[in-house]
Q: 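Structure incoming, see below.
Ligands are counted one by one from 1 in listed order, and the atoms in each one are counted from 1 as well.
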Amino acid sequence: MEDIIRIAIDGPSGAGKSTIAKQVAAKLGIEYVDTGAMYRAVGLKMKTEGVSPEDIEGVKNVLEHTSIDFEQGVIRLDGEDVSGKIRTPEISAAASQYSALAPVREKLVQIQREIGHRKSVVMDGRDIGTNVFTDAQYKFFLTASAEERARRRFLELQEKGEKVVFEEILADIEKRDYTDTHRELNPLTKAEDAMEVDSTNMTIEEVVNTIYSCIIS
Ligand code: DC
């Protein structure tokens, strides 16, 4: 049991957590768990059911009949692979809103702890090092300036052929930063014992190598 290793990578939206976490997990030969995808799946479910974030009883009801799982890179909502449905601006906003609610966090944190007790994981999110696995052997806090995160997102969307306005993307990132760091429950914050990696002027490879060498040394 004690051979299980848990690596927490937290940080704001668009810092490159999932890309980095995925590559670090592959290098170590362990699983990667994207907890943001779980909150997105909840956002998708609530939108589909038409339940507003103010309707706490309604949210609780829906959660009781909802199953969420993340295995081998696939996010499943009630058994369906919803990877293709959760990366829209609408679902990003919904995930940020519903993730502030206690019943949502309780349910997802429990699922995340179960996964991390079964097997070694690299888990990325906002509260992994500060709440889900306070005893994680390795904790990283991955940041980048809001402008740089917006620039990366802008280029990514442009490459996909989408019509995008830089200022709108930056405003969206700043809004999500605010909600994620100001919510009452498990707000985004750096764990005291986390190593901060500012990726503003680093390539993906440099960040992966920094984190990987810290783990294997
Ligand atoms: O990492 P992401 O952008 O896919 O996350 C979507 C939302 O979910 C984000 O606005 C904050 C929330 N989230 C959270 O509250 N706790 C986590 N561990 C992961 C994500």
Q: Charged N to carboxylate O under 4.0 angstrom, K45 versus D78?
A: yes
Q: Do T19 and R152 have side-chain atoms, one donor and one acceptor, less than 3.5 Å apart?
A: no
Q: List the atom of D198, the atom of A144, and the distance in Å for their closest heavy-atom pair.
A: OD1-CA, 3.8 Å
Q: With heavy-atom distances below 4.0 Å as the criterion, list the atoms of ligand 1 near Y39.
A: 8 (O), 13 (N), 14 (C), 16 (N), 17 (C), 18 (N), 19 (C), 20 (C)
Q: Give me the residue, atom name and distance of the protein heavy atom closest to atom 12 (C) of ligand 1.
A: S99 OG, 3.6 Å
Q: Among all protein heavy atoms, pick out the one at the shortest distance from atom 4 (O) of ligand 1; state its residue, atom name and that distance to 0.1 Å.
A: R40 NE, 2.7 Å
Q: Would one find an N or O of K17, backbone or side chain, under 3.5 Å from an N or O of ligand 1?
A: no
Q: Please write down residue, atom name and distance for the protein heavy atom closest to atom 7 (C) of ligand 1.
A: A95 CB, 3.7 Å
Q: Give the residue, atom name and distance (to 0.1 Å) of the protein heavy atom nearest atom 9 (C) of ligand 1.
A: R126 NH2, 3.4 Å
Q: Taking R113 for its side chain and F133 for its backbone only, find out whether a donor-acceptor pair lies under 3.5 Å.
A: no
Q: State, yes or no, whether a side-chain contact exists between I91 and K85 at a heavy-atom distance under 4.5 Å.
A: no
Q: Does the residue R183 have a heavy-atom contact with ligand 1, meaning some pair of atoms that are separated by less than 4.0 Å?
A: yes
Q: Any link between I215 and V33 through a network of hydrophobic side chains (Ile, Leu, Val, Met, Phe, Trp, Tyr) touching at under 4.5 Å?
A: no
Q: With a cutoff of 4.0 Å, is Q112 in contact with ligand 1, counting heavy atoms of the residue only?
A: no
Q: Using a 4.0 Å heavy-atom threshold (strictly under), name the region of M38 that reaches ligand 1: side chain, backbone, both or neither.
A: neither
Q: Students should be able to answer this: which protein heavy-atom is nearest to atom 19 (C) of ligand 1, and at what distance?
A: T35 OG1, 3.3 Å
Q: Any chance the side chains of R126 and T35 put a donor and an acceptor closer than 3.5 Å?
A: no
Q: Do T88 and E90 get their side chains close enough for a donor-acceptor pair, meaning under 3.5 Å?
A: no
Q: Can you find an N or O of D124 that's nearer than 3.5 Å to an N or O of ligand 1?
A: no
Q: Which option, D10, N186, D180, owns the non-hydrogen atom nearest atom 10 (O) of ligand 1?
A: D180
Q: Is K119 paired with E71 through a side-chain N to carboxylate O contact shorter than 4.0 Å?
A: yes
Q: Give the residue, atom name and distance (to 0.1 Å) of the protein heavy atom nearest atom 16 (N) of ligand 1.
A: R105 NH2, 3.1 Å
Q: Just jot down the ligand 1 atoms closer than 4.0 angstrom to any heavy atom of S96, in number order.
A: 10 (O)
